[in-house]
Amino acid sequence: MRKKTKQALVPCAAIAFTIGMSMTSLAAAGWQEEGGVWRYYNSGGDMATECWKKSGDHWFWLDSDGEMLTDSLVEDGDDYYYVNEAGAMVKNEWRELDNTDDGEGAADTCWYYLGASGKAYKAPGSGKTTFKTIGGSKYAFDEEARMLYGWVDEESGRVDDEDAWKTGMYYLGAANDGRQRSNRWEKLETDDEDNSQEDFDGYHWFWFGSNGKKVQNTTRTINGRKYRFEEEGNARFSWYSTPDHVILASSNNLYYNKPEQCWQAKGWFQAVPDENIDPEGYDDGEERWYYAQNSGELVKSQIKKINGRYYGFDEYGKMLLGLYKMSVNDREIQSYVEIENENDLPKEADAWQVYFFGNSPKEGAMATGTVKIEVDGEDYTYEFRKSGGTQGEGYDGIDNGSIYIKGRLLKADRDARLEKVSYGGDEYLINYTGKIQKNKKNVRNADGRYYCTNSEGVVTYEGSEKWVKED
């Protein structure tokens, strides 16, 4: 919209010149100039007042004193008009005039649009907010023909208090704008004292539909992304739980991205856990990785293959990172404990399975094969299955000449060279690489103790002296 306060000055001068030529040529009836003021006398000799009179192609307004007005807003009955510097009725033009509304927050000036008949557009008799298309954009006006701007309700009224963003239905820009927002986003300042989100910066995003109204209390797919709009119309940018708005770990917890995005998360995203969904995670205050399916629902309590790699997720949907002992059934995680110290290491008879979600080749990716893992300052070697339905599970038992306890390889201390370990009710001799020592006779460790083993590696003799076969 191109609006200028002083429009068409040259045409106004031409109009004034034409009026002067025609008016001075009239006799007592008609136009007469008296002391620099133009008046109009009817055929009966009485002076015309509060009415329109025509000269040439233009209409002119006579006020209650019979004086022709110039550069003024004219109120004629329930309608408004504007006469320019020459006094001629203005048509098909915008005009910026001093604002007679001295209410709090009102601008110093306001805009009027004078239509083809000269009447200023204004709110209809019903009072409902309606829009007029002018120059390809839509505008609304109040009952006194002033162009509306800012937040506007459904009764052609401006809403300018601190809750305007809550109670307003349309947003029409600044005082010199006024265009209807439709099928578009607007980032608007909001006085949202109830919002405690750390990311909240005093602004909310709003989507205005094809009718110009803000979308509220619903979900909407816009440009291929899903959004959730609160009751007041602002796009949500935090956790949301269904059903029935009861936030539980078992609920379908959805996440709507940070304020500059707001769309429902899909795929990988990082966020601080919600206080009500995951109090412990919230208290940590650390952003954690989550994976949302196309529906927006989080992957939870399972080991899931994503882009060719497996990842583990807890009951809240947080991606697991580290060494865990778990109870897993068909990739569903039924229970789990993070292994953080030696006391957490599972024993031989425990029913746990052990998995490791590390940083290589990607953060959180489930490990397979041989992995060096530090637990409570001690380095351990783990072996995880590389394929099949148990892929990623730690080996358990004797495999390829070594003993594994839930993936952990049993090894002798390097300085000791050889060490006796218990497994399956027997005692085996292993070296510092973890290999079972089979069919050994009088091998000695670093402490000078001798060992003999059978074909399985089970210790058959241990002593400070060499074993000697009895005669």
Side-chain angles (χ1 to χ4, degrees), residues 1-42 46-102 106-123 132-137 139-149 174-179:
M1 176 176 70
R2 300 183 63 186
K3 308 173 186 174
K4 296 188 178 180
T5 308
K6 302 296 183 181
Q7 295 189 33
L9 295 182
V10 173
C12 288
I15 292 169
F17 178 76
T18 302
I19 294 170
M21 292 294 290
S22 61
M23 289 181 178
T24 53
S25 65
L26 297 174
W31 289 103
Q32 291 191 28
E33 184 181 21
E34 300 173 354
V37 175
W38 286 97
R39 301 179 186 277
Y40 187 91
Y41 290 90
N42 297 314
D46 58 312
M47 185 171 57
T49 60
E50 295 187 316
C51 63
W52 293 99
K53 292 297 179 180
K54 193 174 185 181
S55 177
D57 294 328
H58 302 282
W59 289 91
F60 300 84
W61 177 257
L62 288 309
D63 67 11
S64 58
D65 295 325
E67 297 182 2
M68 184 189 76
L69 286 185
T70 60
D71 194 17
S72 298
L73 185 68
V74 175
E75 185 175 355
D76 182 10
D78 293 331
D79 297 316
Y80 295 85
Y81 301 81
Y82 178 74
V83 291
N84 62 21
E85 293 84 347
M89 179 192 293
V90 170
K91 300 178 181 180
N92 299 317
E93 286 185 16
W94 283 102
R95 288 285 167 160
E96 183 182 21
L97 306 175
D98 289 339
N99 194 357
T100 57
D101 180 5
D102 57 359
D108 293 335
T109 60
C110 58
W111 286 92
Y112 296 81
Y113 187 79
L114 297 311
S117 66
K119 290 182 182 180
Y121 290 170
K122 67 172 189 174
K132 296 285 189 178
T133 300
I134 304 170
S137 297
Y139 302 86
F141 301 85
D142 67 14
E143 60 184 8
E144 295 182 19
R146 293 176 294 230
M147 182 193 77
L148 295 170
Y149 63 91
N176 60 350
D177 184 351
R179 290 170 298 167

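Residues Leu114 and Tyr82 approach most closely at CD1-N, 3.8 Å, considering heavy atoms. Between Trp31 and Ser55, the closest heavy-atom pair is NE1-CB, 3.7 Å. Of all non-hydrogen atoms in Arg39 and Gly66, the two that sit nearest each other are CG-O, 3.5 Å. Closest heavy-atom contact between Met147 and Ala175: CE-O, 3.4 Å.
Under the 30°/60° scheme for interplanar angles, the aromatic rings of Tyr139 and Phe141 are found to be tilted.
From Gln32, atom CD reaches atom CH2 of Trp38 across 9.0 Å, with rounding to the nearest 0.5 Å. Interatomic distance, CE of Met89 versus CG of Asp57, reported as 13.0 Å (0.5 Å rounding). In this structure, the separation between CG on Leu73 and CG on Asp98 is 11.0 Å, given to the nearest 0.5 Å.
Considering only residues two or more places apart in sequence or on other chains, Ser72 meets the side chain to side chain contact (heavy atoms under 4.5 Å, CB included) condition with Leu69, Val83. Applying the salt bridge (charged side-chain N to carboxylate O under 4.0 Å, His left out) rule to Asp79 yields the partners Lys119; only residues at least two apart in sequence or on another chain are considered. In this view, Glu144 and Arg146 satisfy the salt bridge (charged side-chain N to carboxylate O under 4.0 Å, His left out) rule, not counting sequence neighbours. Annotation: ring pair (Phe, Tyr, Trp, His ring centres under 6.0 Å) contacts of Tyr81 (sequence neighbours excluded): Trp52. The side chain to side chain contact (heavy atoms under 4.5 Å, CB included) search around Glu75 returns Tyr80, not counting sequence neighbours. With sequence neighbours left out, Asn42 forms a side chain to side chain contact (heavy atoms under 4.5 Å, CB included) with Tyr40, Asp46, Ala48, Lys53.
By the 4.0 Å N-to-carboxylate-O rule, Glu93 lies too far from Lys91 to be salt-bridged with it.
Tyr149 contributes a side-chain N or O that, together with a main-chain N or O of Ala107, makes up a donor-acceptor pair within less than 3.5 Å. Side chain of Lys132 to main chain of Lys122: no donor-acceptor pair is present (N/O by atom type, distance under 3.5 Å, no hydrogens or angles). The closest donor-acceptor contact from the side chain of Asp65 to the backbone of Glu67 lies at 3.5 Å or more, if one exists at all.
Counting only heavy atoms from C-beta outward, the side chains of Trp61 and Met68 never approach each other to under 4.5 Å. Between Arg95 and Val90, some side-chain heavy-atom pair lies under the 4.5 Å cut-off. Inter-residue side-chain proximity for Leu62 and Thr49 is flagged as unmet; no heavy-atom pair is nearer than 4.5 Å.
Using modelled atom types, one finds a donor on one side chain and an acceptor on the other under 3.5 Å when comparing Glu96 with Thr109.
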